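First the structure, in the form of structure tokens, and then the observations on it.
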Amino acid sequence: WREQIAPGAVVMHGFVRDHGPELLAAVNGVIAQVPWRHMTTPGGHVMSVAMSWCGNGWSSDSRGYRYSERDSRSGKRWPPIPTILMALADEAAQQAGFAPFVPDSCLMNRYDPGSKLSLHQDKDEHDFGSPIVSVSLGLPAVFQFGGMQRSDRAQRIPLAHGDVVVWGGPSRLCFHGIMPIKEGYHSLVGPHRINITLRKAL
Ligand code: MD5
Ligand code: FE
């Protein structure tokens, strides 16, 4: 079922529940080329979440966060976004009421038990008019969904394997985070939660 949790924010429960194996195969294809890595924040902290990406890639260093077409070390483009993810992003965005969506960037987050993502805003994309489509696989999570101010009270939204959330309109710039993941094992994904976000970044 579908749940609107704020203007522009739609949770599509179980939207990709039947496509786990294909989605995981797409993730593993990217991981083979861009192995999971723990990034250091501009503040010098190593993140508990491991990341990989395709399309326009993500990087974080002492100068801040940036998207780029190429791996600055090898000079090569990051791998392309798998077709199944392009199709899913467009389908979910349109069903949530947004215009056809052609993402150019795909960030993948792997959470092991105990990993968390602190409250933050996504504001490094150049285009805030496009939504972000987020896909949850594997272990469940509790999503914190706040307001435009860090201090705004956050709702707690459970996210399960196969859930898709479309974040657009006024919700696009809300503070959000992921509570520490509980110990567990998912039959397809193992002892992890994987989140895939599709974005128009550049
Ligand atoms: C996750 N990832 O579950 C989340 C899903 C990230 C990140 O937060 O930055 O990689 S995306 C959730 C999201 C995106 C854009 C806006 C809002 C939430 N929001 O307004 O709440 O790994
Ligand atoms: Fe985020």
Side-chain angles (χ1 to χ4, degrees), residues 3-13 15-16 23 27 30 34 36-39 41-42 45 47-60 64-67 85 88-89 92-93 96 98 101 103 105-150 152-182 186 189 192-201:
E3 196 180 2
Q4 168 136 177
I5 55 173
V10 182
V11 184
M12 303 163 90
H13 294 278
F15 192 68
V16 297
L23 291 168
V27 169
V30 172
V34 183
W36 294 117
R37 52 198 70 191
H38 290 270
M39 310 287 285
T41 66
H45 297 281
M47 296 178 73
S48 62
V49 177
M51 295 182 170
S52 174
W53 46 75
C54 52
N56 290 314
W58 172 249
S59 63
S60 149
Y65 296 105
R66 260 164 307 107
Y67 285 95
L85 296 180
L88 149 66
F98 293 92
F101 179 42
S105 177
C106 172
L107 182 62
M108 300 187 296
N109 293 334
R110 192 197 74 206
Y111 298 77
D112 303 334
S115 298
K116 64 179 175 66
L117 190 60
S118 305
L119 222 51
H120 67 278
Q121 290 171 296
D122 291 16
K123 48 181 189 188
D124 298 296
E125 298 76 20
H126 298 186
D127 179 4
F128 298 146
S130 291
I132 291 180
V133 173
S134 138
V135 182
S136 292
L137 298 174
L139 293 178
V142 178
F143 186 84
Q144 293 179 285
F145 180 44
M148 290 298 291
Q149 242 67 55
R150 186 180 290 279
D152 290 345
R153 186 191 168 77
Q155 308 182 51
R156 292 182 173 195
I157 296 153
L159 291 178
H161 175 78
D163 291 352
V164 170
V165 190
V166 181
W167 307 98
S171 78
R172 173 69 183 72
L173 290 169
C174 288
F175 275 90
H176 59 278
I178 295 284
M179 306 281 290
I181 300 290
K182 290 211 175 96
H186 186 273
V189 180
H192 313 288
R193 169 179 192 257
I194 293 176
N195 180 266
I196 306 168
T197 49
L198 293 135
R199 306 158 185 257
K200 176 107 187 60

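Computed from a predicted structure; not experimentally measured. One-based numbering, in listed order, for ligands and for the atoms of each.
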Where ligand 1 meets L107 - atom numbers and elements under 4.0 angstrom, heavy-atom basis = 10 (O)

Could you give me the CA-CA distance, side-chain angles and deciding distance for D163 and F15, then say whether side-chain contact (heavy atoms from CB on, under 4.5 Å) is met?
-> CA-CA 6 Å; D163 291 352; F15 192 68; over 6 Å; no

With the Fe ion (ligand 2) as the reference point, give the N/O/S atom of D122 that is nearest.
-> OD1

Which residues pass the salt bridge (Lys or Arg N to Asp or Glu O under 4.0 Å) test with D112, sequence neighbours left out?
-> R110

Between Y111 and ligand 1, is there a nitrogen or oxygen pair with a distance under 3.5 Å?
-> yes

Just which atoms of ligand 1 are under 4.0 Å from any heavy atom in S134?
-> 5 (C), 11 (S)

Euclidean distance, Q4 CD relative to M12 CE, rounded to 0.5 Å | 11.5 Å

Considering distance alone, does some N or O of T197 sit under 3.5 Å from an N or O of ligand 1?
-> no

Which protein heavy atom lies closest to atom 20 (O) of ligand 1, and at what distance to 0.1 Å?
-> S171 O, 2.2 Å

For atom 8 (O) of ligand 1, what is the nearest protein heavy atom, given as residue, atom name and distance?
-> H176 NE2, 2.9 Å

To the nearest 0.5 Å, atom CG of N109 lies from atom CZ of R193 at 8.0 Å

Which of the atoms of ligand 1 are close to N195, meaning less than 4.0 Å from one of its heavy atoms?
-> 1 (C), 2 (N), 3 (O), 4 (C), 5 (C), 22 (O)

Heavy-atom nearest neighbour in the protein, as seen from atom 3 (O) of ligand 1, with distance rounded to 0.1 Å | R193 NH1, 2.9 Å

Within the 4.0 Å heavy-atom cut-off, what I178 brings close to ligand 1 is side chain

Looking at ligand 1, does Q121 have a heavy atom less than 4.0 Å from it?
-> no

Compare every heavy atom of W167 with every heavy atom of R172, then report the nearest pair and how far apart it is.
-> CD-O, 3.8 Å

Heavy-atom donor-acceptor pair, H120 side chain to H176 backbone, under 3.5 Å | yes

What pair of heavy atoms forms the shortest contact from M108 to V30, and how long is it?
-> CE-CG1, 3.3 Å

Identify, for atom 16 (C) of ligand 1, the protein heavy atom at the shortest distance, and state residue, atom and that distance.
-> R172 O, 3.5 Å

Closest non-hydrogen atom pair between P7 and P170, with its separation = O-CD, 3.5 Å

The protein heavy atom nearest to atom 12 (C) of ligand 1 is W167 NE1, 3.4 Å

In ligand 1, which numbered atoms sit nearer than 4.0 Å to a non-hydrogen atom of F145?
-> 19 (N), 20 (O), 21 (O)

Can you find a side-chain donor-acceptor pair between S130 and R199 that sits under 3.5 Å?
-> no

Element-labelled atoms of ligand 1 that are located less than 4.0 Å from some non-hydrogen atom of R199 = 6 (C), 9 (O), 10 (O)

Heavy-atom distance to atom 7 (C) of ligand 1: which of L117, I157, I132, D124 wins?
-> L117

Nearest heavy-atom contact between L137 and H161 is CA-ND1, 3.5 Å

Residue and atom name of the nearest protein heavy atom (relative to atom 10 (O) of ligand 1), distance in Å to one decimal = N109 ND2, 3.0 Å

Rounded to the nearest 0.5 Å, the CG atom of L85 sits from the CG atom of L23 at a distance of 6.0 Å

Vertex the Fe ion (ligand 2), arms to H176 NE2 and H120 NE2, rounded to 10° | 90°

